[in-house]
Amino acid sequence: MSESSEPDPSQREFGAQLRQVQQLLAQRLEFEADAALQRLEALQTSDEDRLWCRILRLQWRSMHPIHPEMLKEAQTLVGDSTRLGEPSLRGASLRLRAALLNKCRLFELALKELGMANAVAARAGLREEEISTQIQVARVLYDAEMHEQRIRHGEQFLRDYPDAEPMHRATQLNYIGGAHKWLGRNALAIDFYRRALAEDAGESGLASMVMTNLANALVWAGELDEARQLLDQGEASQPMQGLAPDAQLWRLQAGALLRWKLGDFDAAFDYFTRAAAIGRSDPQCRVGLIAVLTRTAEAARECGRLGLALDAATELLQLTQTRAKEQMSVTGAALLEIARAAQARAEQDALQHHSQLLEQEVQARTAELSQALAHLQAEVEMRRATEAALQRAHDQLELRVQERTAELRRAMAVLVQREKLAALGSLVAGVAHELNTPIGNALLAASTLTTRTQAFQAQLGSQPLHRSELLSFVEVAQDSGQQIERALERSATLVSSFKAMAANESNQLRVEFSLREVLEQGLTVLGPSLRRQAIGLRFDCPPELRCLSHPGVLTRILSQLIENVLVHAFAAPPAEALLSVQAVDRDGWVDLTVGDNGAGIAPAIIGRIYDPFFTTRLGQGGSGLGLHLVHSLVTGTLGGEIQVHSEPDRGTVFTLRFPCISPE
């Protein structure tokens with residue numbers, strides 16, 4: 001039905017009656033659907049209304065044995081709905097044609113029709129029709145006995161449509177349970193049937209069907225009491241006479257199995273007989289009739305009623321043969337009708353396409369010939385002039401490129417040197433600031449010791465010395481000496497790390513070194529800058545990891561990345577700023593990650609961060625060469641690669657991957 005802003009009462013009445021017919025057909029209530037369809041046909045007024053009635057009438061006819069002309073009529077409905085341009089009508093006609101193809105056991109063609117129906121619904125934003133189409137796909141997979149595919153399809157449906165109505169989710173869970181049952185996975189089948197019952201199945205009879213299926217599975221699992229309770233509960237919620245014929249058959253079949261396993265063979269055969277009568281009277285219940293006859297023969301053999309077993313087996317054989325012949329006849333006729341329709345459509349399309357091509361070709365050739373002579377001379381002269389102009393422009397451009405390249409190289413050299421000096425100045429300032437604390441502590445302790453020594457010396461010359469006074473002086477001297485020793489050790493460590501880092505910076509030769517020691521030296525020198533901005537540090541590197549590479553280059557890379565963190569990531573630090581430096585050995589390669597939880601990099605610029613002279617702090621001290629230099633050192637000197645992952649306001653992680661033994 002097409003939508004309008006204010007549907008009139010007749011449209012609302014038609015829409016309500018349309019939904020009622022669709023529900024009755026879905027429940028396979030043949031007579032009620034026929035009566036409702038007659039009332040709907042009396043209300044039709046527009047072309048869309050009439051097309052809806054034709055679709056539903058063919059759907060009602062498909063509840064009986066189908067004929068090849070039904071496929072032809074369904075194809076006509078698809079064409080008519082396409083011309084009307086109404087997505088709901090086209091989707092309904094495609095699903096109807098898929099249902100007919102499915103009954104002809106042309107499963108691949110049915111799935112293709114459903115794929116087109118799903119695409120139509122998706123483009124039009126008809127989510128409910130998408131869901132209905134997916135439910136029908138599960139039915140085709142069931143009829144095709146493609147049980148593993150049915151399981152995967154159902155699980156994908158549950159992931160893709162978490163907001164689907166409980167009845168639709170329960171339907172898919174029931175299909176998945178049935179597939180596991182066919183594959184002999186009875187425990188899994190029981191689990192999915194229980195999940196289906198946990199969903200709200202509405203008033204469509206689905207809950208009763210799931211109870212029947214679960215009871216059947218429980219019988220084979222030996223849970224007879226629970227199976228009986230479920231069958232009784234299903235009968236109480238929806239009596240037998242309110243069910244469609246196939247639902248009645250399967251409930252009677254489950255009741256027969258229960259009584260068989262309880263040893264009440266007379267009651268079991270009574271249920272089997274009633275179920276078989278439904279199967280014989282309704283052609284749509286042939287599959288159920290086959291199952292009933294199979295179980296009847298098994299139960300009869302078990303209790304020694306060989307005559308009954310033989311009768312059931314004979315009827316089963318005849319039914320199978322008859323069904324195979326009917327199926328072959330219908331399938332063959334359907335394929336012939338499809339082939340004829342496809343051939344006619346292909347011939348018509350080919351003729352139309354050929355005619356269009358001929359007409360276009362004649363027009364194009366005429367236009368080409370009329371213009372060719374007029375423009376030929378002008379084109380030759382223009383080409384000569386263009387070639388001369390291009391040659392002059394090429395010469396000028398080449399000269400300009402050479403000049404600009406030389407200028408760019410000079411500028412890059414100056415800026416790289418300036419950035420190195422700025423970084424060195426920052427490091428020296430940081431180390432000097434860090435040395436102030438231990439040296440100040442040492443001076444304070446030395447001053448305290450000097451003052452106390454002078455007082456002690458004066459006391460020795462003026463009065464007798466008590467033991468307590470001597471012990472107090474010794475305690476002060478010992479404590480001051482320890483403070484001085486600790487302060488000087490800390491200063492020596494800082495100076496040693498700075499000297500090692502400076503030596504590494506100046507040494508470009510390959511040497512063997514401990515990666516952990518080199519990284520620790522670099523972090524020690526950069527520690528003051530981190531502490532000034534209250535940035536926590538998480539460091540992890542195996543002590544046994546050794547490299548034959550360039551420690552100075554690694555120190556330079558680490559320094560530049562951390563400087564980048566200080567300037568960009570924590571310009572406005574979060575409550576708990578954190579820097580992480582981790583190294584891992586991966587079969588002769590090192591994965592070194594430097595990450596932070598800072599501001600991150602905007603997606604619009606992340607692809608340009610390695611470009612020379614690109615910076616987001618233009619005019620604020622940024623040169624745009626830091627990360628360009630890092631990229632060049634990693635990919636060139638170290639022979640590795642660098643990757644970056646970042647999300648705005650969630651931090652940035654640089655991952656350096658280089659060999660433990662760098663190329664010579």
Side-chain angles (χ1 to χ4, degrees), residues 28 142 174 177-178 180-190 192-194 196-197 205-323:
R28 300 192 59 237
Y142 168 78
N174 181 51
H180 283 300
K181 185 71 169 59
W182 277 102
L183 293 171
R185 305 166 186 165
N186 201 50
L188 281 174
I190 291 174
F192 277 97
Y193 287 145
R194 292 190 191 279
L197 277 181
L206 178 61
S208 176
M209 182 182 300
V210 176
M211 289 179 188
T212 299
N213 293 337
L214 177 57
N216 191 317
L218 289 171
V219 168
W220 292 111
E223 303 291 339
L224 303 183
D225 291 338
E226 187 177 357
R228 182 193 295 274
Q229 292 175 4
L230 280 169
L231 291 175
D232 292 342
Q233 184 180 350
E235 180 64 28
S237 63
Q238 191 164 19
M240 185 76 72
Q241 60 271 21
L243 297 176
D246 59 341
Q248 294 182 22
L249 182 146
W250 288 111
R251 181 181 287 182
L252 290 170
Q253 156 88 342
L257 291 176
L258 174 63
R259 285 152 182 82
W260 171 15
K261 296 304 178 181
L262 289 172
D264 190 353
F265 288 99
D266 291 336
F269 289 130
D270 177 62
Y271 274 78
F272 278 134
T273 301
R274 291 162 58 192
I278 295 174
R280 296 186 190 102
S281 63
D282 191 337
Q284 301 298 318
C285 298
R286 290 286 180 84
V287 176
L289 178 58
I290 291 174
V292 170
L293 292 174
T294 301
R295 299 306 181 197
T296 301
E298 293 175 357
R301 284 196 299 270
E302 182 176 322
C303 68
R305 301 184 185 183
L306 301 182
L308 180 58
L310 180 60
D311 291 342
T314 301
E315 184 179 356
L316 179 61
L317 178 61
Q318 294 173 350
L319 176 62
T320 304
Q321 293 174 343
T322 302
R323 185 167 179 262

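Because only heavy atoms are used, hydrogens play no part in the values below, and waters and symmetry mates are left out as well, while side chains stay in. All residue numbers refer to positions in the sequence shown, counting from 1.
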side-chain contact (heavy atoms from CB on, under 4.5 Å) assessment of E223 paired with I190 = CA-CA 11 Å; E223 303 291 339; I190 291 174; 5.9 Å; no
ring-ring contact (aromatic ring centres under 6.0 Å, His included) partners for Y193, two or more places apart | none
Would you check if S208 and R251 make a side-chain contact, meaning some heavy-atom pair closer than 4.5 Å?
-> yes
Side-chain contact test, heavy atoms from C-beta onward, threshold under 4.5 Å: evaluate it for L257 versus N216 and give yes or no.
-> yes
Name every donor-acceptor pair, under 3.5 Å, that has one atom in a side chain of residues 288-298 and the other anywhere in the protein, sequence neighbours excluded.
residue : atom : partner : partner atom : Å
T294    : OG1  : I290    : O            : 2.7
R295    : NH1  : E298    : OE1          : 3.0
R295    : NH1  : E298    : OE2          : 3.3
T296    : OG1  : V292    : O            : 2.7

Does D270 have any salt bridge (Lys or Arg N to Asp or Glu O under 4.0 Å) partners at least two apart in sequence or in another chain, and if so, which?
-> R274
Hey, could you give me the CG/OG1 distance between L319 and T314, rounded to the nearest 0.5 Å?
-> 12.5 Å
Closest approach of L249 to A275 (non-hydrogen atoms, all atoms of both residues) = CD1-O, 3.5 Å
Do R259 and F265 have side chains that get closer than 4.5 Å, going by heavy atoms?
-> no
Name all residues meeting the salt bridge (Lys or Arg N to Asp or Glu O under 4.0 Å) criterion together with E302; count only those two or more places apart in sequence or in a different chain, and write none if there are none.
-> none
Not counting sequence neighbours, which residues clear salt bridge (Lys or Arg N to Asp or Glu O under 4.0 Å) with R228? List them please.
-> none
Taking only residues two or more places apart in sequence, or in another chain, which ones meet D266 in a salt bridge (Lys or Arg N to Asp or Glu O under 4.0 Å)?
-> R305
Nearest heavy-atom pair of A254 and T212: which atoms, and what distance?
-> CB-CG2, 3.9 Å
Closest non-hydrogen contact found for R301 with L306 is CA-CD2, 4.5 Å
Drop me the distance from L183's CG to K181's NZ, to the nearest 0.5 angstrom.
-> 11.0 Å
Relative to each other, are the rings of H180 and F192 parallel, tilted or perpendicular (30° and 60° limits)?
-> parallel
How close do P245 and I278 get, heavy atom to heavy atom, and via which atoms?
-> O-CG2, 3.5 Å
Measuring from L231:CG to L218:CG, what's the distance to the nearest 0.5 Å?
-> 9.5 Å
F269 and C303: side-chain contact (heavy atoms from CB on, under 4.5 Å), yes or no, with the steps?
-> CA-CA 11 Å; F269 289 130; C303 68; 3.7 Å; yes
Go through the steps for Y271 and Q253 under the test side-chain contact (heavy atoms from CB on, under 4.5 Å), then give the verdict.
-> CA-CA 7 Å; Y271 274 78; Q253 156 88 342; over 6 Å; no
Any chance you could measure E226, atom CD, to Q233, atom CD, to the nearest 0.5 Å?
-> 10.0 Å
R280/E315 under side-chain contact (heavy atoms from CB on, under 4.5 Å): CA gap, chis, key distance, verdict = CA-CA 11 Å; R280 296 186 190 102; E315 184 179 356; 2.6 Å; yes
The single option from N174, V219, L197 that satisfies side chain to side chain contact (heavy atoms under 4.5 Å, CB included) with L214 is L197
